[in-house]
Amino acid sequence: MLTPPCVSPCVYYQLLRALNPEENVHCWHGLYFQDGQRRVDYVLTYTMKKPGGGRSSRQSMHLLAENAVARSLRRGPHSRGEHVQHHQAQNTGGSSHLPSSAAADVELGCVGETFSVHEDHKAFRREEFEGKLREMGLELEKDEDTKIPGVGFVKIHAPWNVLCREAEFMKLKMPTKKVYEMKHSSGVMDKISSLVSKALEPLHPHVEEHQPKNIKHLSHTFSREKQHLFDLSDKDCFFDSKTRGSIVFEILKRTKCKAKYSMGITSLLGNGVYSAAYPLHDGDINDSAEANDRKLLYEEWANYSVFYKYQPIGLVRKYFGEKIGLYFAWLGLYTQMLIPASLVGVIVFLYGCATVDDNIPSMEICHPRNNITMCPLCDRVCSYWKLSSACGTARASHLFDNPATVFFSIFMALWAAMFMEHWKRRQMRLNYEWDLTGFEDEEMEKLTCQDRLPAYTTNLVMMLLMIGVTFAIVFGVILYRISTKAALHMSSKITRNNVQLTVKTTAAIINLVVILILDEVYGAVARWLTVLEVPKTDKSFEERLIFKTFILKFFNAFTPIIYIAFFRGRLVGRPGSYLYVFESYRMEECAHGGCLMELCIQLSITMLGKQLIQNNLFEIGVPKLKKLIRYIRSKQGAYKEEERQKKLQRYETDHFLEPFAGLTPEYMEMIIQFGFVTLFVASFPLAPLFALLNNIIEIRLDAKKFVTELRRPVAARAKDIGIWYNILRGVAKVAVIINAFVISFTSDFIPRMVYQYMYSPDGSMHGFVNHTLSYFNVSHFQEGKETMDPLYLGYRVEICRYKDYREPPWSETDHWWNVVMLMSDVVDWLIPDIPKDISVQMHKEKILLVDLFMKEEQGKVQILESKSFTGGKDNCSRSNNNNSTIAHQRSGLHANSTNSF
């Protein structure tokens, strides 16, 4: 759903020409130069240091003269002599002389002046850089008389010849004059798809399209020699604002001053020569009289009231570029795919609720006549307890540990495979619609592995250290649980009944807080380690940073969950021979209902906490807080109220917005969520539902952030989501294995099946609880480890029970998850990556493009032939005339010679 490209700006541009300069500035609020005709394509900002203090006017004029001399030395010999003469005249006139070392270069400053050497050096670099930009053909306009004290602006405009040159260098695909109709097949599936599209029409955003859906422009790489192929009737709108900004950014990146600033604008920003660089947003979202793409995005996309509608992905791509458009397209598809997963998860949960009263193991545990005495859960302070006291835990465990859970795990494994294949097809469709077919990133690495070996070694050591820190924190939480449980057992009887739930919940919250803190630390560490590797391209830097950040944050988020799922309760020992930590703390064990309930608590708190606090609260609060701080630092509060109410220019307003920090944080939070949804979904069937609810808000939250809270990002081309797809694919594969282990080792599903079909006398689950408990004679307790209150139950206990199989009743291993892995690969193989209709259209487009060039070549040949034919006629006539003249001359000579004889 695309809007007319540049329709609204062009209409306003025509109106703009009819206005005087004052009206132009007021109308466009800084979107154009002072002449009201040249559009601002990019803005650079810098910090100004105004002279102050006790400097006299004569001293100030003298400093300006020194500045002029220094600039003349850089401009050439002609202007140099004039400025030197002027400088000498001023000195002769009685002005105070400056030290020669200070007067040699304005950027070295002068002793006692307010301008520091550092600031003057920055000013010199800015002047040098801006001079080179003018040499590149860009047009610049400075504005230092702004409403933001201490901030200067450099507005940049790229004229038509520069845009054409750079578009050819960047190999941009632009629409030609040739249009063609995309014909769709008329099969049964296509008719069904058409009916579904009509039914879903109310869910589409109200975004006008500049041409019918079945009409497409034939696109080709822009070339100045083939400009006649493109529709250049309106040059002002041929390159839209997104493309113009990206072209200027490419020039800024490759324009170099000297070795220290060899990376162009990137180095200048890093060294503080410029404070910011950004393209401008299109207009104001609150101006009812102005129509622009930004306002349309705000109304139809960045608005919570349209949460139920599809995203206008075409308009997002048109305004922000392909890379950001692909992110929101992927996020939208992921959210849509969560709908069936959520429905199945809710059904599984409701099945557990409906069958909890019929679950025989839970009924046996909760039976009032059940007098099974269990061994103490800890040393000394813990007492014997009745198995019936675990009734609530056993019933709750059945909600997440039932036969439907296994089905749901298999379903989610296949769902992940379907999602990956669906995205590949969607991505190929977008590549075709956005003219990205054939686009390849040409960035090349230059350093060898040997050059980076020290950095690689440092990275490996640091990442192992960070992972070790995660393990240490998890171990600390384990000690907290053990010690807290012992302390609570020493308290009153009322507290004892809720000890398990209290300890589990508080430990999960502690884990959540630690995860949130370490996420920020690990993000900074990953960036530092990536800088050490010295990647030579932006793509290489981004991929290396993403990989390190994912590894660290993955271990940070999932290590506590992995411990509960696969290690807790398995390194306990038995009564009389327990395993101790530091010879004081006995390793903790799972409740009688199993570790799956504790795994569910840990997973739900971590997932919901990260989504609520980190993904939503931080994304809303932090940008607003930074914007407020930036506003306060600009000293706007010192202005009078009426001055503060004056409308800022567009480039001044965008200065207060938060800089765009890339898509890595956005992708990362979704990838971690994808892990929560797939990796341990057997323990928490409601995970897809909570992910769906979060993403519905996340899409509109991110949209509003991009439209209103962030400076406009530089549009970047991309044909896929890059390394994120490989990470998603890896997580989906690992999810099959982990869910197999959860069902096999954490859940009681397999023990129940084995008991029912191999050990049950009547083929039912009666007697299963007793089957899972072993016996222990309390006289075998080690000295000093027995309970301090042996009569806690009112009688002396001689034999207690504990959950364990001293001799496991089965030895089989399950191989059926290999079938699930094979099924996911079959899904991958069966579904083609490229939709059939897109493949046909791509082939048709190639044929049309060849025909277009063949006709062009034929036209050139005909022109050449006609020219050569005309030239041949002229040559023939000249040749005949020459021949007749020569013959005439020869006959004359012959006659003369005859007469002479």
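For reference, positions follow the sequence shown, starting with 1. Computed over heavy atoms, backbone and side chain alike; hydrogens, waters and symmetry mates excluded.
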Scan side-chain atoms only and decide if [X] and [Y] contain a donor-acceptor pair under the 3.5 Å cut-off.
| X | Y | value |
| --- | --- | --- |
| Thr470 | Thr559 | no |
| Tyr274 | Thr47 | no |
| Tyr319 | His281 | yes |
| Glu322 | Tyr327 | no |

Whether [X] side chain and [Y] backbone form a donor-acceptor pair below 3.5 Å:
| X | Y | result |
| --- | --- | --- |
| Thr506 | Val503 | yes |
| Asp401 | Ser397 | no |
| Asn739 | Ala682 | yes |
| Thr405 | Phe400 | yes |

Do the non-hydrogen side-chain atoms of Trp724 and Ile671 ever get within less than 4.5 Å of each other?
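Yes, at least one pair of side-chain atoms sits under 4.5 Å.
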
Given the side-chain rings of Phe320 and Phe328, with only the six-membered ring counted for Trp, is the space between their centroids under 6.0 Å?
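Aromatic pair excluded; centres sit 6.0 Å or further apart.
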
Ring centres under 6.0 angstrom apart (Phe471, Tyr563):
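No: the rings miss the under 6.0 Å criterion.
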
Partner residues of Trp423 under the side chain to side chain donor-acceptor pair (under 3.5 Å) criterion, sequence neighbours left out:
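Side chain to side chain donor-acceptor pair (under 3.5 Å) list for Trp423, sorted by chain: Gln427.
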
Phe554: side chain to side chain contact (heavy atoms under 4.5 Å, CB included) partners, not counting sequence neighbours:
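If we apply the side chain to side chain contact (heavy atoms under 4.5 Å, CB included) test to Phe554, skipping adjacent residues, the hits are Phe550, Phe558, Leu679.
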
[X] to [Y] - nearest heavy-atom pair and separation:
| X | Y | value |
| --- | --- | --- |
| Tyr725 | Met420 | CE1-CE, 3.3 Å |
| Pro659 | Arg711 | CG-NH1, 3.7 Å |
| Trp415 | Phe674 | CZ3-CE1, 3.8 Å |

Candidates Lys323, Lys548, Arg527 - the one meeting salt bridge (Lys or Arg N to Asp or Glu O under 4.0 Å) with Glu542:
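For Glu542, the salt bridge (Lys or Arg N to Asp or Glu O under 4.0 Å) check succeeds only for Lys323.
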
